[in-house]
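Here the structure is laid out as structure tokens; the discussion comes afterwards.
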Amino acid sequence: MRWVIAAVALVVAGGLGWAMTLGLTRSADTADVADGADGAAPSATPAAQTVEPTPVDGSEVLPPQRAQTASDRLPPLPQATPRITVPLPASAATSGGLVDGFPAELAGPTPASDVIDSSIASDGSTAQVALTARTDEAPDSVIETFRSRWTEAGLAPATASDAALAFADGYTAISLAVSTTGTGTVYTVYATLRTE
């Protein structure tokens, strides 16, 4: 048993010797600071120094400029104007053609279409127009024709739940519904036009 105790003592002494050799003990400077050698209480963490950023030439941060308003940064929007004027066309409906006063430049049929029916309902400063037509054109061709027409008229894309296409501005809302039947492509244009 004595030999075991002597062997353990030898291993412990050797381990301590290696620890001192490898520098695992605290240096005198670290021990003085940690133990409060300057009279201050020991601190668990060293004091953090804050450094204020200093602007230098070539910095990625631009100097502040005068505040810009939205009108300084964005191009002006075109002002919407009414597409119809008073007196509004009389309310009417017809089959096989366009009713008198129908806004054909905005809601009229494509050139290769046969008009099934059209109508105008006027009330006060608002007119609602509808057109149903049939064509041998593909649905995508009909959609593209109206998209181009309405974009050129200065209308902006809008959303409509049951429409293939919808556009609007402050006085106009117009939509297109398209379906394919056994006789070709049938489409309906519906628009609400206001004078004020």
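Each residue takes its place number in the sequence, starting with 1.
When the side chains of ILVMFWY residues are joined at heavy-atom separations under 4.5 Å, either directly or via intervening members, Leu165 and Tyr187 end up in a single hydrophobic cluster. Both Ile143 and Leu131 belong to a common hydrophobic cluster when Ile, Leu, Val, Met, Phe, Trp and Tyr are linked at side-chain heavy-atom distances under 4.5 angstrom. Residues Leu176 and Val115 share a single hydrophobic cluster, defined by chaining ILVMFWY side chains whose heavy atoms lie under 4.5 Å apart.
The heavy-atom pair separating Phe102 from Leu98 by the smallest distance is CD2-CD2, 3.8 Å. The two atoms that bring Ala166 and Thr159 nearest to each other are CB-C, 4.2 Å, heavy atoms only. Nearest heavy-atom pair, Leu155 versus Phe167, reported as atom, atom and distance to 0.1 Å: O-CD2, 3.5 Å.
Side chain of Arg83 to main chain of Pro103: no donor-acceptor pair is present (N/O by atom type, distance under 3.5 Å, no hydrogens or angles). Of the possible donor and acceptor atoms, one in the side chain of Thr145 sits under 3.5 Å from a partner among the backbone N and O of Ser141. No donor-acceptor pair closer than 3.5 Å links the side chain of Thr132 to the backbone N or O of Ile116.
A donor-acceptor contact closer than 3.5 angstrom is absent between the side chains of Ser148 and Thr151. Residues Tyr190 and Gln128 have side chains that bring a donor and an acceptor to within less than 3.5 angstrom of each other.
Residues satisfying the side-chain hydrogen bond (donor to acceptor under 3.5 Å, both in side chains) test with Thr181, not counting sequence neighbours, are Thr183.
How far CG of Leu193 is from OG1 of Thr126: 9.0 Å, rounded to the nearest 0.5 Å.
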